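Reviewing the structure listed below.
Just so it is clear, the structure is predicted and the values come from calculations on it, not from any experiment. Order of listing sets the numbers, starting from 1, for every ligand and every atom in it.
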Amino acid sequence: MMPSENPREHAVVIEPRDEHNQLLVARTHPPAWKNPSAKPVYNMVAIGGGTAGIIAALGAAGLGAASALVEKHLLGGDCLNFGCVPSKALLASAQAAYDARHTAHLGVNLQGEVQVDFAAVMQRLRARRAAISEHDSAERFTKLGVDVHLGGAKFTSPETIEVGGQTLRFRRACIATGGRAAIPEIAGLRDVGYLTNETVFSLTELPQRLLVVGGGPIGCELAQAFARLGSRVTIVQRPDRLLPHDEPDASAIVAQQFANESIAVYTACEVARTSQQHGVIEVELKFAGGQAAGPQKIVVDKILIAAGRQPNVADLGLEVAGVKYTSRGIEVNDFLQTSNPKIYASGDVIGRQLFTHAADAMSRAVLQNAFFFGSKRLSQLVIPRCTYTDPEIASIGLTASQLSEKNIPFTSYREEITRNDRAAIEGDTQGFALVHCAKGTGKVLGATIVARNAGDMIGELSLLVTQKLPLGTLASVVHCYPTQIEMLKRLGDQFNKTRLTPSVAWLLKSILRWR
Ligand SMILES: Cc1cc2nc3c(=O)[nH]c(=O)nc-3n(C[C@H](O)[C@H](O)[C@H](O)COP(=O)(O)OP(=O)(O)OC[C@H]3O[C@@H](n4cnc5c(N)ncnc54)[C@H](O)[C@@H]3O)c2cc1C
Ligand SMILES: NC(=O)c1ccc[n+]([C@@H]2O[C@H](COP(=O)([O-])OP(=O)(O)OC[C@H]3O[C@@H](n4cnc5c(N)ncnc54)[C@H](O)[C@@H]3O)[C@@H](O)[C@H]2O)c1
């Protein structure tokens, strides 16, 4: 079949249509793009141009294989366009606004109120995103040997895909179509309208009152950012605490910080219905057990839905390809193979660890398993996590309650941030580092760090877990003074002290008597 003759049939528009968004689209979905003629057969076709698909396609091309990448919207996927990159750009401005308001404890007094120019904040976000988009451009991938096909992909058989009027035959394929915001059933929601991660970064005016539905990572990061930029923010969270997958002490610190920043948080709560009243949105709240632990009604200007994700599995022809899936995502075995052994799946679409670095790691495993008789197992990937609230919560492995549920015996080691010199110098008072080790050993089963730069610090524990090194190893690593990461060295010391059994102590004493 011929390549798509009408290059503009899949033109994409991102609002506002300024120079930055035009550059973004020009790189990640060029309006005049003409798909290449399909090769007779591809060694790898990656469906979805987010992190998972990019790594699969680029990795295959790097090995000299015939490789294609299919994307229906913007190359770069959620991370570049509607996720990590714009959210962290927003967080950077929000942090600056917060820091500027909190200088007095450092003896620095700024005159007057801190002014946030929201339009400028969003323009900066768009400019940063457009600058980074160079890495994810159709042009770059083509230069690196990948055939970039823009358009929606659909399986037409267990070994063919149709895109832009062409058939791509493959020996191996990787489904990497990601996910999107799950929209809860709330009466009146569609009528009053709502934002998701796909539209919130297109705002040009600050919502004066913002309701965030969902208190997971997306809800917490964006709620704090908007509050710091000047919105009055309310979070409605169905579970009884924010960030329920994290250690309770970690989410309690974030909840306390949110309270300090006047963010209203209603837990064990849902939105019953919404309606438009005189140009504003009236929101009726429903508390678990019918007990009103907050107001029955609130009034807001915008609603942001951050209530979880759902995988993009519709309209892919998965049945024709023999690929099984559920509402949670595409089913894969431990080698990331679907029920069609020629087809792998990676990233958010499998519904496991919804992180960019996880998508990257999964696709590297796919490459190894698809081309090198590999045996890289999904269950063996060590994936750290970080929620970029202030303070950040970073973690790895299992929490205390997850270990208890699995009946795994463990010992915990904990270091408070208040004992850390750097934190004391800078005035950081909320945080800790907590490590759970298999009982009687230094094997790290899980860890959580709450600190300003916890996301950077967790890397050291990731290294321990990946290399199967005991916690005590950290005691022998010299860390710079004063740094917050010294908390981890102290945890190593704590662990080593537990090895000082009475008989070892007696032996030491005896040696010292003669030295
Ligand atoms: C607001 C927000 C903030 C986030 N922040 C972070 C963070 O700080 N750190 C982090 O690690 N993770 C973060 N994430 C998660 C991260 O964005 C995702 O885990 C990551 O993007 C997953 O990559 P992926 O390739 O699996 O999917 P995606 O990035 O979603 O890419 C899938 C692509 O497939 C395309 N597609 C879908 N169907 C088809 C089809 N039929 N044909 C062709 N193409 C198709 C889509 O258009 C999309 O471009 C954040 C997410 C959100 C929403
Ligand atoms: N820093 C990061 O790495 C980062 C940042 C953002 C997102 N992400 C990824 O994206 C994923 C999705 O994030 P998320 O925050 O949307 O999802 P989530 O599932 O982690 O959190 C959503 C929360 O909303 C609650 N909820 C669901 N329906 C509700 C309703 N009707 N009313 C009130 N509360 C409701 C859920 O119980 C849950 O606690 C995360 O799990 C994470 O993997 C990562």
Side-chain angles (χ1 to χ4, degrees), residues 12 28-29 46-56 69-88 90-91 136 149-155 161 163 174-186 189 196-198 200-201 212-222 235-246 266-272 285-286 304-317 345-360 362-363 383-389 392-394 455:
V12 168
T28 60
H29 197 121
I47 306 169
T51 305
I54 290 171
I55 296 296
L69 179 63
V70 187
E71 169 56 52
K72 70 172 179 184
H73 197 220
L74 298 180
L75 290 165
D78 265 0
C79 180
L80 170 68
N81 301 294
F82 315 113
C84 330
V85 170
S87 63
K88 269 76 242 181
L90 196 70
L91 261 55
D136 291 347
H149 293 265
L150 296 182
K154 200 169 182 148
F155 287 99
I161 287 162
V163 55
C174 179
I175 303 171
T177 48
R180 62 188 186 283
I183 309 301
E185 286 296 328
I186 296 174
L189 184 64
T196 68
N197 68 295
E198 284 192 42
V200 70
F201 303 114
V212 178
V213 179
I218 297 180
C220 286
E221 289 182 3
L222 293 182
I235 301 178
V236 167
Q237 161 76 332
R238 185 190 283 151
D240 60 5
R241 62 183 172 99
L242 297 174
L243 300 167
H245 301 305
D246 285 297
Y266 300 124
T267 52
C269 182
E270 278 182 52
V271 174
L285 303 180
K286 184 175 71 184
L304 170 67
I305 301 294
R309 313 286 296 169
Q310 67 182 89
N312 292 325
V313 287
D315 302 325
L316 272 169
S346 167
D348 281 11
V349 75
I350 70 165
R352 307 276 180 97
Q353 310 240 36
L354 312 183
F355 306 105
T356 293
H357 47 279
D360 180 306
M362 287 180 207
S363 288
I383 311 280
R385 314 168 282 271
C386 180
T387 299
Y388 299 89
T389 44
E392 295 177 355
I393 299 184

Against heavy atoms of [X], which atoms of ligand 1 measure under 4.0 Å?
X: Gly151; value: 43 (C)
X: Tyr388; value: 8 (O)
X: Phe355; value: 11 (O), 12 (N), 19 (O)
X: Val70; value: 43 (C), 44 (N)
X: Phe82; value: 1 (C), 53 (C)
X: Ala176; value: 32 (C), 33 (C), 34 (O)
X: Gly347; value: 26 (O)
X: Ser87; value: 3 (C)

*Which of the listed options, Pro384, Ala306, Gly351, Gly455, holds the heavy atom that is closest to atom 22 (C) of ligand 2?*
Ala306
*Among Glu71, Arg309, Arg180, closest by any non-hydrogen atom to atom 46 (C) of ligand 1*: Glu71
_Quick check on contacts: which atoms of ligand 2 are under 4.0 angstrom from a heavy atom of Glu221?_
1 (N), 2 (C), 5 (C)
_Under a 4.0 angstrom heavy-atom cut-off, which atoms of ligand 2 come close to Pro184?_
31 (N)
Polar contacts were defined as any N/O atom of the residue lying under 3.5 Å from an N/O atom of the ligand; does this apply to [X] and ligand 1?
X: Asp348; answer: yes
X: Asn312; answer: no
X: Lys72; answer: yes
X: Ile218; answer: no
X: Asn197; answer: no
X: Ala52; answer: yes
X: Ala153; answer: yes

Give me the nearest non-hydrogen protein atom to [atom] as residue plus atom name, then the distance to 0.1 Å.
atom: atom 8 (N) of ligand 2; result: Leu354 O, 4.0 Å
atom: atom 8 (O) of ligand 1; result: Lys88 NZ, 2.7 Å
atom: atom 40 (C) of ligand 2; result: Pro217 CG, 3.9 Å
atom: atom 7 (C) of ligand 2; result: Ile218 CG1, 3.2 Å
atom: atom 50 (C) of ligand 1; result: Cys84 N, 4.0 Å

*For ligand 1, is any non-hydrogen atom under 4.0 Å from Leu316's backbone (N, CA, C, O), its side chain (CB onward), both, or neither?*
side chain
*Taking non-hydrogen atoms only, is Thr356 closer than 4.0 angstrom to ligand 1 via side chain, backbone, both or neither?*
both
_Would Phe355 count as a polar contact of ligand 2, with the cut-off being nitrogen or oxygen pairs under 3.5 Å?_
no
*Is ligand 1 less than 4.0 angstrom away from at least one heavy atom of Leu74?*
yes
_Exercise: identify the closest heavy-atom pair between Ala56 and Ala46_ = CB-CB, 4.2 Å
